[in-house]
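Computed from a prediction, not measured in an experiment: that's the story for all the values here.
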Amino acid sequence: MPECPELHLAGRYINEAEAYRISATARGKELRLTLAPLGSGATQDLVFRFGMSGSFRLCPAAELPRHAHLRFLTSESPPRALCFVDVRRFGSWRLGDAWQLDRGPCVVSEYQAFRENVMKNLDDKAFDKPICEALLNQKFFNGIGNYLRAEILYRLKIPPFEKARTVLEAMKDQEQTRRKKNSSLTLSKKLKQMRNNPDLLELCHAVPMEVIATEKNLLDPDHSDNYAAFKNWLQCYLVPGMSSLRDHNGRTIWFQGEPGPMAPKGQRSRKKRAQLKADPEALTPEVTTRASKRRPKTAEKPPESAEEVADGPRKGRARGRKKATAAPALSQAEVPVKAKRSRQTPARRRRGAAPAV
């Protein structure tokens, strides 16, 4: 059990800890921090996944934000803290410099490798799924998430539940046709045509780059101006008038027009209402709607008697027996007592005792 000497030694160890310079590298949905010592020594790496709400913030060490789960202090006075903040706690980090093995090339920083990885693997079973679901497969679309897939499909007017292989094979044919037509064009004109008529994979690179190229941090909900700019940039995701469905994995996809032939059965497409867009912390319409419809099970069908609460419906009774009159509503404290008595009812009846009420 550590006592006074051990705690003093721990304090000395911390105070003598070496200072580091921190740098960062992003790849798809992962971020790697490299800690390089200011003196001699080996570097250390941490690879982060942000989950749904992870982010880094630099703030005064005396004014730490809530849910700052990991902090790096500066050497200045007073110090500041670089914090990994994660409200929902779905984010994670691990020691080492290795990227996650089952993730493909990054759609932003490794575009050509990303494109080749998709096109040479079109026979993979991942492309048997709807295109909206395939776009979330990080083995092929490392970096694409829920809002990006909605924006990409909306701009190309592709139904979200069209089969992924159908979309990509058609794109492949169009690419070959375009190459034949453009064989005599200069490089600048080819690039201009690509910008004016991008295909799906090109937009998987171009749309994230639009967000990266902005000067402000569009995704920081703590700054209302930034979030307002992000909302204005969105063309489909959470935009009033757009339809939404849950895909086969339970994720909500926003779109315009028909959903496509592989849409989940038994769902109705719901449209986004304007007032739901104002609050960045608000739940999605599906969550809000389902929560508002949720009622206690006891309210759906009140029990007809205390006997029914305890033992459930009884089978094999004589048809001519008169039904028991519904018991008055019981308080929460009385229910266990009545239920216990009702289980004794058959034995009492066999002894000729009067039934419990």
Side-chain angles (χ1 to χ4, degrees), residues 14 17-61 64-76 79-118 121 126 135-149 152 201 204-223 226 230:
I14 292 172
E18 193 164 3
Y20 291 85
R21 178 178 289 107
I22 300 176
S23 59
T25 306
R27 182 179 186 267
K29 284 195 173 185
E30 293 181 295
L31 179 75
R32 182 171 65 206
L33 292 189
T34 299
L35 281 61
L38 296 183
S40 59
T43 61
Q44 295 186 30
D45 294 282
L46 293 168
V47 176
F48 289 79
R49 295 180 65 188
F50 282 15
M52 293 182 67
S53 59
S55 65
F56 273 96
R57 299 183 191 178
L58 183 63
C59 59
L64 295 177
R66 294 182 63 190
H67 306 286
H69 303 304
L70 184 65
R71 302 182 288 275
F72 301 93
L73 299 179
T74 64
S75 59
E76 60 192 332
R80 291 181 295 167
L82 177 66
C83 307
F84 178 66
V85 181
D86 186 11
V87 175
R88 298 191 178 183
R89 297 175 181 256
F90 292 149
S92 62
W93 65 86
R94 65 183 185 275
L95 286 170
D97 62 350
W99 305 112
Q100 198 170 13
L101 294 177
D102 58 352
R103 290 180 176 270
C106 176
V107 297
V108 170
S109 60
E110 302 167 303
Y111 171 68
Q112 288 300 329
F114 149 70
R115 188 179 185 94
E116 292 171 6
N117 185 44
V118 173
N121 288 294
L135 282 171
L136 296 185
N137 188 329
Q138 301 300 295
K139 179 180 177 182
F140 297 105
F141 297 91
N142 186 12
I144 300 299
N146 209 22
Y147 84 87
L148 286 174
R149 69 170 177 172
I152 291 166
L201 300 184
C204 285
H205 172 78
V207 174
M209 285 300 298
E210 289 181 15
V211 183
I212 294 172
T214 57
E215 295 181 0
K216 292 183 178 181
N217 179 11
L218 296 182
L219 302 181
D220 188 353
D222 287 347
H223 297 81
N226 293 349
F230 176 62

For Arg32 and Asp97, run side-chain contact (heavy atoms from CB on, under 4.5 Å): C-alpha distance rounded to whole Å, both residues' side-chain angles, the deciding distance at 0.1 Å, then the answer.
CA-CA 7 Å; Arg32 182 171 65 206; Asp97 62 350; 3.9 Å; yes
Side-chain heavy-atom pair Arg66, Val87 within 4.5 angstrom cut-off:
no
Are side-chain heavy atoms of Pro105 and Asn142 found at a separation under 4.5 Å?
no
Are Phe48 and Phe56 an aromatic pair by the rule of ring centers under 6.0 Å?
yes
To the nearest 0.5 Å, tell me how far Ile22 CD1 sits from Thr34 OG1.
10.0 Å
Contact check, side chains of Leu95 and Leu46, non-hydrogen atoms, under 4.5 Å
yes
Correct closest heavy-atom pair for Leu148 and Gly143 would be CD1-O, 3.7 Å
Considering all heavy atoms, the nearest Cys59-Pro65 contact
SG-CD, 3.5 Å
How about His69 and Arg89: do any of their side-chain heavy atoms sit closer than 4.5 Å?
yes
Quick one: closest heavy-atom pair of Asn117 and Gly104, and the distance?
ND2-CA, 4.3 Å
With a 4.5 Å cut-off on side-chain heavy atoms, are Asp86 and Trp93 touching?
no
Minimum side-chain heavy-atom gap Phe140-Val107 below 4.5 Å
no
Under 3.5 Å donor-acceptor, Gln138 side chain and Leu136 backbone:
yes
Using side-chain contact (heavy atoms from CB on, under 4.5 Å), reason through Lys139 and Asp102 one step at a time and then give a plain yes or no.
CA-CA 6 Å; Lys139 179 180 177 182; Asp102 58 352; 5.8 Å; no
Do Tyr147 and Val211 have side chains that get closer than 4.5 Å, going by heavy atoms?
yes
Do Lys29 and Gln100 come close enough that some side-chain heavy atom pair is under 4.5 Å?
no
